[in-house]
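Only one structure is covered here, and it is reproduced in the block below.
Atom set for the values below is all heavy atoms of this structure, side chains included, hydrogens, waters and symmetry mates excluded. Since the model is a prediction, treat every value here as computed from it, not as a measurement.
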Amino acid sequence: MTIHEYLIKAVQDDARRAGERDRLLREARRARRARRQRLVPAAPARRRTEMGKIVVSENVTLGGVIQDPAGDEGFRAGGWVGLIGNSPQLAKLALDEALAAGALLLGRRSYEWLAARWPSRSGELADRLNSLPKYVVSATLEHPAWNNSTVLKGDVLNEVSTLKQHIDGDIVIAGSFQLVRTLIEHDLVDELRLKIFPVALGVGERLFGETSDKKPMRLLDTQTLEGGIAYLTYQSVRDA
């Protein structure tokens, strides 16, 4: 064997040994991965458990009055939201809430008040509210005028429970204090978003009525908005 042939053979032997070493390393890594997988059980397949969330979103006074915030319902102390003036922060909150919502849920009076105003308006918030699915709790409403509206005529508790099972995301209630009281009493409200205006009224319909038992809430978030408005977010605590 010449020196040239010897050198070629030596190079080939080195390459062969390197290849064998790489193969053994790959097999060792595969064996370690297989051992780890046997030790860690596979995650079970996830079942769909998501449900809609009933969110009560309201403007209230310091005393909890919800009646006639805009002042166009004939209530002698109405218009208390207007005392604060227009607020870009409130407008942004309303838009963000509408964009995140999966549907609106309303009592008849609140539905008709909104339906008389929003279909003729333009802008991002109007477009969103007009396109959202809207569910109206009413035993008498026959032909809802606002597009994409459905009347819930059956038992309100069954209807709302069914709605939660079929809609992902927030199901937002505005106004509709009688509906809100019923749902709170029967533990169907998941979240409260209260914009508390620095106004005290001695009269007016209040958001909360009597309940058969305490209804604990957990404070999730607080914000102070312009004009001294406090924005409070609460979560229902059903097992407390």
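- Listed by chain and number, the residues in a side-chain hydrogen bond (donor to acceptor under 3.5 Å, both in side chains) with Gln89 amount to none (sequence neighbours excluded).
- Every residue two or more places apart in sequence or in another chain that forms a salt bridge (charged side-chain N to carboxylate O under 4.0 Å, His left out) with Lys53 is listed here: Asp170, Glu191.
- Remark: Arg121 engages Arg117, Trp118, Ala126 in a side chain to side chain contact (heavy atoms under 4.5 Å, CB included) (not counting sequence neighbours).
- By the side chain to side chain contact (heavy atoms under 4.5 Å, CB included) test, Ala91 pairs with no residue at all, sequence neighbours left out.
- Val55 has its side chain out of reach of Asp190: every pair of non-hydrogen atoms, C-beta onward, lies at least 4.5 Å apart.
- Take Asp213 and apply the side-chain hydrogen bond (donor to acceptor under 3.5 Å, both in side chains) test, not counting sequence neighbours, and it matches no residue.
- Leu163 is listed as a side-chain neighbour of Leu105, based on a closest heavy-atom distance under 4.5 Å.
- Not a single side chain to side chain contact (heavy atoms under 4.5 Å, CB included) links Ser120 to another residue, sequence neighbours left out.
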Practice task
Applying side-chain contact (heavy atoms from CB on, under 4.5 Å), run through Trp113 and Asp72 and close with a yes or a no.
Solution key: CA-CA 10 Å; Trp113 191 91; Asp72 55 5; 3.2 Å; yes
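- Under the rule for a side-chain hydrogen bond (donor to acceptor under 3.5 Å, both in side chains), Ser236 has no partner lying at least two apart in sequence or in another chain.
- Ser57 pairs in a side chain to side chain contact (heavy atoms under 4.5 Å, CB included) with only one of the listed residues (Leu104, Val172, Leu192), which is Val172.
- When all heavy atoms are compared, the tightest approach of Thr222 to Leu232 is CG2-CD2, 3.7 Å.
- Within the structure, the salt bridge (charged side-chain N to carboxylate O under 4.0 Å, His left out) test picks out the following pairs touching residues 127-142 (sequence neighbours left out): Glu142-Lys153.
- No donor-acceptor pair under 3.5 Å is formed between the side chain of Glu58 and the backbone N or O of Leu194.
- Applying the side chain to side chain donor-acceptor pair (under 3.5 Å) test to pairs two or more places apart or on separate chains, none has a residue in residues 60-71.
- For Leu141, the side chain to side chain contact (heavy atoms under 4.5 Å, CB included) partners at least two apart in sequence or on another chain are Arg108, Tyr111, Glu112, Val136, Ser138, Pro144, Val151.
- Inspection of the Asn59 and Trp80 side chains reveals no N or O donor paired with an N or O acceptor under 3.5 Å.
- Applying the salt bridge (charged side-chain N to carboxylate O under 4.0 Å, His left out) test to pairs two or more places apart or on separate chains, those with a residue in residues 86-102 are Lys92-Asp96, Glu97-Arg193.
- What you find for Ala103 and Ile167 is that their closest heavy atoms are CB-CD1, 3.7 Å.
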Which side-chain N or O atoms in residues 176-187 pair as donor and acceptor under 3.5 Å with protein atoms at least two apart or in another chain?
from	atom 1	to	atom 2	distance (Å)
Ser176	OG	Gly107	N	2.9
Ser176	OG	Ser110	OG	3.3
Ser176	OG	Ala174	O	2.9
Arg181	NE	Arg206	O	3.4
Arg181	NE	Leu207	O	3.4
Arg181	NH2	Arg206	O	2.5
Thr182	OG1	Gln178	O	3.2
Glu185	OE1	Ser212	N	3.0
Glu185	OE2	Ser212	OG	2.6
His186	ND1	Thr182	O	3.0
Asp187	OD1	Lys215	NZ	3.2

